[in-house]
Amino acid sequence: MTGERRWRLVDVAASAGISTQQVRNYLADGVLPPTDRTPSGYRVFTDRHVRALAVARRMAEGHGWARTREVLAAVHRGELPAALAALDAGHAELDRERAEIARVLGAFETVLGGRPAAVPRRDARIGEVAAQVGVRTSQLRLWEQRGLLRPHRQRGTGYRVYDVAEGRAAQVVALLRRGGYPFEIITAVLDELRSTGRPDRVRAELARREQELNRRSLRRLRASAALYDYLDATGEPARPLDGG
C-alpha cells in the first residue's frame, strides 16, 4: 500500500514482543505477507506486516497456531476461499464438541431419571444381572466385548461375576441403549462415572467443559473478527465478489 510507514525488522519484532527470528519464520510460513527488498537486499516491512502480526497472534489465541498458519498463508497467497474453508472447519469443530457435550449431558439425565433396576448388592453371575436389567446374557457379553462392562472371572469355574459397580454399569448401558445413544456416548458416560464415582460431579464437570467451550468460542469469534478487519483494510473481502 502506498503511503504506509516503513518498519525495521527489529521494530516489527518489538511490536509483538517476539524475536526477529520469529518474524523471519512467520514470513517463511506465509503468516506475514511477502516483503519487498531494497536495492541493497534489506527486507521492507510496512504497516501491513505489523497489522498481520497482530492479527496472527489474535488468531492463534482463538484458533491455534496450526490453523492460523493455514488461514493466513492462504490469505497471503490470494486464496481467500481456502482461508474461509479452514475457518469454517474450526467453527464446525466447536459445534461438534458442543453437540457432544449436550448428548452426554442428555445421557446422564437419562441415567439419573431412569427407574433404577434392583441390581444385586453383592457379586452376581451374568444370568442374574441380565434378568435384573432386562436384557439377554448375549447382550451383556457383547457389551463386555466392546469394553463397556468389566466383569471378573470366578476362580475355578471361569464364570463371569459382576460386582455391585459392574451391575450398575450394566444398568447404565441398558438405559442408554434403550434411549438410542451410540456406544461412544455410553463409553464417555461410563468413563466419567468410573473416574468420579458420582453423577453430580460428572454433571458439574460437563458444565465446566461447556463453559470452557463458550470461552473458546468467544476467543474464536474475536479472532475471526480481527481477521475480517485485516482483510477489509487490504481489500480482500471484495475479491471473491467482484468476479460475478
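- Note that CG of Leu32 is 10.5 Å distant from CZ of Arg43, once rounded to the nearest 0.5 Å.
- Residue Val23 is tested with Val31, Val10, Ile18 for a side-chain contact (heavy atoms from CB on, under 4.5 Å); the sole match is Ile18.
- In terms of heavy atoms, Ala174 sits closest to Val133 at CB-O, 4.1 Å.
- Partners of Ser40 under the side-chain contact (heavy atoms from CB on, under 4.5 Å) rule, at least two apart in sequence or in another chain, are Thr38, Tyr42.
- Salt bridge present: Glu212 and Arg215 bring a charged side-chain N and a carboxylate O closer than 4.0 Å.
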Decide salt bridge (Lys or Arg N to Asp or Glu O under 4.0 Å) for Arg8 and Asp11; before the verdict, give the C-alpha distance in whole Å, the side-chain angles of both, and the deciding distance to 0.1 Å. CA-CA 5 Å; Arg8 297 183 303 166; Asp11 294 327; 2.9 Å; yes
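- Taking the six-membered ring for Trp and the full ring otherwise, His91 and His63 have centroids separated by under 6.0 Å.
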- Message: Checking Leu190 against Arg150 for the side-chain contact (heavy atoms from CB on, under 4.5 Å) test, could you report, in this order, the C-alpha distance in whole Å, the side-chain angles of both residues, the deciding distance, and whether it holds?
- Response: CA-CA 11 Å; Leu190 289 175; Arg150 305 168 185 173; over 6 Å; no
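- Of all heavy-atom pairs spanning Ala82 and Ala74, the tightest one is CB-CB, 4.1 Å.
- Take Glu61 and apply the side-chain contact (heavy atoms from CB on, under 4.5 Å) test, not counting sequence neighbours, and it matches Arg58.
- Scanning all heavy atoms of the two residues, the minimum distance from Ala56 to Thr68 falls at O-CG2, 3.6 Å.
- Taking the ring axis of Trp65 as reference, the NZ or CZ atom of Arg67 does not stay both within 45° of it and closer than 6.0 Å to the ring centre.
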**Asked** Which is it for Glu210 and Arg216 under the salt bridge (Lys or Arg N to Asp or Glu O under 4.0 Å) test, yes or no, and what are the steps along the way?
**Response** CA-CA 10 Å; Glu210 189 172 30; Arg216 289 169 56 201; over 6 Å; no
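- Within the 3.5 Å criterion, the main-chain N or O of Ala130 finds no donor-acceptor partner in the side chain of Arg136.
- Residues Val75 and Ala83 share a closest heavy-atom pair of CG2-CB, 3.7 Å.
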- Would you check, one step at a time, whether the test salt bridge (Lys or Arg N to Asp or Glu O under 4.0 Å) holds for Arg125 with Glu128? CA-CA 6 Å; Arg125 290 185 181 177; Glu128 186 178 1; over 6 Å; no
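- A cation-pi arrangement is absent between Arg51 and Tyr230 under the rule of less than 6.0 angstrom and at most 45 degrees off the ring axis.
- Applying the side-chain contact (heavy atoms from CB on, under 4.5 Å) test to Arg153 and every residue at least two apart in sequence or in another chain returns Glu144, Arg160.
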